[in-house]
Amino acid sequence: MALAERPGPSALSIGALGRSGPGWLERIPTSYWVVGVVLLCMPVVANDFILYQILGWTFILGMIALSLMFLGGYGGMVSLAQMSIAALAGYMVAILGSSGVQTISLNWPWWLYIPVAIFIAAVFATMIGALAVRTTGIYTIMITLAIAAAFFYFTRQNYTIFNGYSGFANVVPPELLGVNWRTPIPFYYLALFWAVVSYLAVVYVARSPFGLALQGIRDNPRRMSALGFNVFLHRVAAYTFASVIAAIAGILLVWQNAQISPGTAGLPAVIDILVIAIVGGIKRPIGPFIGALIYVLLRTFSPDVLQVFGLPDDRFKLLIGVGFLAIVYWSPDGVLGLWDRWRARRSRTRDPMASTGGPS
Amino acid sequence: MIPAQRSIGELLTAAGTSNALELRGVTRTFGALAALSDVTLTVKPGERRGVLGSNGAGKTTLFNCVTGDVMPTSGTIRLFGEDVTYFPPHERIRRGLRRTYQISLLFNGLSVLDNVYLACRGVSRGRFSLIRPRRSDALMQSAFELIEAVHLGAQAGTMVAELSYGQQRQLEIALALAGAPRFVLFDEPAAGLSPTERSELVEILTNLPRHIGFIIIEHDMDVALRVAESVSMMHNGRIFKEGLPSEIESDPEVQELYLGGGHG
C-alpha cells in the first residue's frame with residue numbers, strides 16, 4: 001500500500017517540484033484511490049441511516065474539526081470558537097433564508113444568503129482572531145472558550161435576531177437541479193463533496209507561501225518576524241481561512257438537522273470539536289475526519305453497547321469519555337500517531353534496510 | 001497637523017548618501033540593569049564592523065534593538081537615513097536589514113528548502129499567496145542558489161531537525177542573505193563550528209558583495225579580525241573604543257579587558 005505522506009531523503013517537500021517526474025494522476029497514492037472509490041460507491045452498500053446520520057454527520061464534524069486542525073496543527077493556535085463560527089453561518093442561513101420562524105427570516109434567495117452567511121462568519125472569525133492572537137497557548141484556548149460561551153448565551157437570550165431558546169426549525173436546503181438535498185443519497189454526496197474540497201484545500205494551502213509561513217510562525221514567530229513577515233496579520237488571516245471551512249460545515253449542519261438552536265454551539269458541542277480533532281490527530285488534515293468518524297460511531301452506538309452490559313443507555317458520554325482517555329493515554333498525537341508508529345514498526349521489521357528508501 | 005516638510009538635505013540622505021546604520025544615545029534598561037547605555041554607533045554602507053566584548057557586555061541587546069526585537073528605552077535608530085526606532089521588526093527587514101541568531105532560530109518542522117524559501121518570500125510580495133510555488137519560480141530559484149552558496153545543496157529536502165549543528169549554522173546564514181540584503185547583523189556565526197567550517201564561514205563572509213555591510217559579533221578573534229574592517233569594543237553596555245583591527249589587538253586596555261580574559 002502506498003503511503004499518504006513519506007518525506008524520503010531525496011523527496012523535496014515543496015509540492016510542485018515533481019513536475020518533471022510522473023504526471024499528477026500517477027502521483028496520487030493508491031490509498032487515496034481506494035478510499036475515493038469506497039466513498040463514492042458507499043450508497044450502493046450502505047443504508048440511509050449510515051449515509052445520512054453516520055457519514056453525513058462525520059463529514060460535517062470532520063470539516064469543523066479540520067478548521068481547528070488548520071489553526072492548531074499548522075498555526076499552533078488552538079481555537080475553541082470554531083463550532084461557534086459554524087453555528088453563526090448556520091444561523092445566518094436560517095435568518096437570511098427561510099425557516100419556520102416567518103417573523104424573523106428574510107427569505108432571501110439561496111445564491112445570496114449562502115455567500116453572505118459565509119462572509120459574516122468569516123468577519124466574525126477575523127474579529128475573534130484579532131483578539132485571540134494577542135495571546136498564546138492556554139490563554140488562546142481560554143479566550144476562544146470565553147467567546148464560544150458568550151456566543152451560546154447571546155443566542156439563547158437574544159430573541160429579536162436569534163429567536164432565543166427555541167432557535168429556528170424548518171431550515172431546508174434549496175431544491176437545486178430538482179433534487180431534494182435533504183434525502184439521504186443527495187445529502188451524502190453534498191457533504192462528501194464539500195468535505196473533499198475542504199480537505200484538498202487544506203492539503204494544498206499547507207504547501208503554499210501562506211501555509212508554509214503559518215507553519216514557520218508556529219515553529220518560531222520571532223524568526224518569522226525577522227524574515228519580514230507580519231506575524232500578527234498572518235495569524236489573523238489563518239483564522240479567516242479556517243472560518244470558511246467551518247462556515248460551509250455549519251450550513252450543511254443546519255440543513256442536515258433542519259434546525260438550529262443555541263445548543264448547536266453549546267459548550268458540550270464546542271468541546272466535542274476539540275475532542276474530535278485531538279482523537280484523530282492534528283498533525284495532518286485527515287486526522288479530524290478519522291476523529292469525527294470515531295466520535296459519531298461512539299455517539300450513535302454507545303447506548304446499544306451500554307444496554308448490552310445492563311447499564312442505562314443515557315450514559316453514552318461515559319463511553320465517549322473513556323474512549324477519549326484511552327486514545328490520549330496511549331497516543332497523545334491521536335489515531336494518526338498510532339497509525340504512524342505502527343507503520344514505522346512494520347517497515348522496520350519487514351526490511352531492515354528500508355531507510356535507504358524504495359518504491360512504496 | 002500638517003506634516004513637517006522634509007528639507008533637501010533630508011531627502012538626499014534618504015536617497016542613499018546616508019549611513020547604513022546610525023544609533024544615537026541608545027539606552028535599554030531591564031529593570032535596574034542597563035544592558036545598553038547611551039550607545040552611539042555609525043556604520044557606513046558596505047562597511048564591515050566587528051563588535052567585541054565579554055559576555056554580558058550588551059552585544060546581543062544591541063542587535064535586538066537594531067532589529068526591533070526589543071525597543072530601546074531611549075535614543076534613536078536610523079537605517080539608511082530613515083528613523084526606524086519604533087518600527088516593528090518585519091518593517092525593518094523589508095528595508096534591507098537582516099540578522100542571524102546566536103542560537104539558531106530555524107523552523108525545525110520544515111525542510112531546508114522551505115526554510116530558505118520562506119526567507120526569500122518574507123522580503124517579497126505574495127506572503128499571503130495561496131498558490132503553491134513551482135520549481136521554476138524566480139523565488140524558488142534564488143532559494144536554490146542560496147542553499148548552494150552555503151554548501152547545503154545536497155540537503156535541500158532534509159528536515160532541519162536532522163541537520164548537524166554546523167549545517168544549521170550555515171542555514172542560519174542562508175536565511176539572513178535572502179532577498180536583497182543591504183545590511184546584516186551576524187551574532188556569533190562561528191560559535192561551535194569546527195576549524196574547517198570556520199574557514200568556510202570566513203570565505204562566505206569575505207565573498208559577500210561589496211555593497212552589503214555587516215556587523216559581526218564574534219568571540220573567535222581569528223574570524224572577527226579577518227572579516228572586519230573596523231572594530232567596536234563593548235563593555236558594560238557601552239562602546240568604549242573603536243578602531244582598526246590592528247589597533248584594537250595591540251591596545252593595552254582591550255587586552256586586559258577582553259583578550260586577556262581567556263578568549264584569545
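Because the structure is predicted, anything quoted here is derived from the model rather than measured. Every chain is numbered from 1 and lettered A, B, ... according to where its sequence line falls, protein lines coming before strand lines.
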Using side-chain heavy atoms (C-beta onward) and a distance below 4.5 Å, is [X] in contact with [Y]?
| X | Y | answer |
| --- | --- | --- |
| B:Phe107 | A:Leu227 | yes |
| A:Pro209 | B:Pro133 | yes |
| A:Arg223 | B:Glu172 | yes |
| A:Phe229 | B:Leu118 | yes |

Checklist entry - Which region of B:Thr67, side chain (C-beta onward) or backbone (N, CA, C, O), has a non-hydrogen atom less than 4.5 Å from a non-hydrogen atom of chain A, or is it both or neither? => result neither
Checklist outcome for this item: Here the gap from A:Leu212 atom CG to B:Asn115 atom CG, rounded to the nearest 0.5 Å, amounts to 9.5 Å
Checklist entry - Out of curiosity, B:Leu105 CG to A:Met224 CE, how far, rounded to the nearest 0.5 Å? => result 12.5 Å
Within the supplied structure, the quantity of interest is the number of heavy atoms (other residues, nucleotides, ligands) at a distance under 6.0 Å from [X] [atom1]; does it exceed 12?
| X | atom1 | answer |
| --- | --- | --- |
| B:Phe30 | CZ | yes |
| A:Arg222 | CZ | yes |
| B:Tyr165 | OH | yes |

Next on the checklist: Using heavy-atom distances under 4.5 Å, tell me whether A:Ala237 contacts chain B through its side chain, its backbone, both, or neither.
Outcome noted: side chain
Checklist entry - At a heavy-atom separation under 4.5 Å, does A:Leu233 approach chain B through its side chain, its backbone, both, or neither? => result both
Next on the checklist: Can a donor-acceptor pair be found, under 3.5 Å and without considering hydrogens, that links the side chain of B:Arg94 to the backbone of A:Gly228?
Outcome noted: yes
Checklist entry - Of all heavy-atom pairs between B:Phe128 and A:Phe210, which one has the smallest distance, and what is that distance? => result O-CB, 3.6 Å
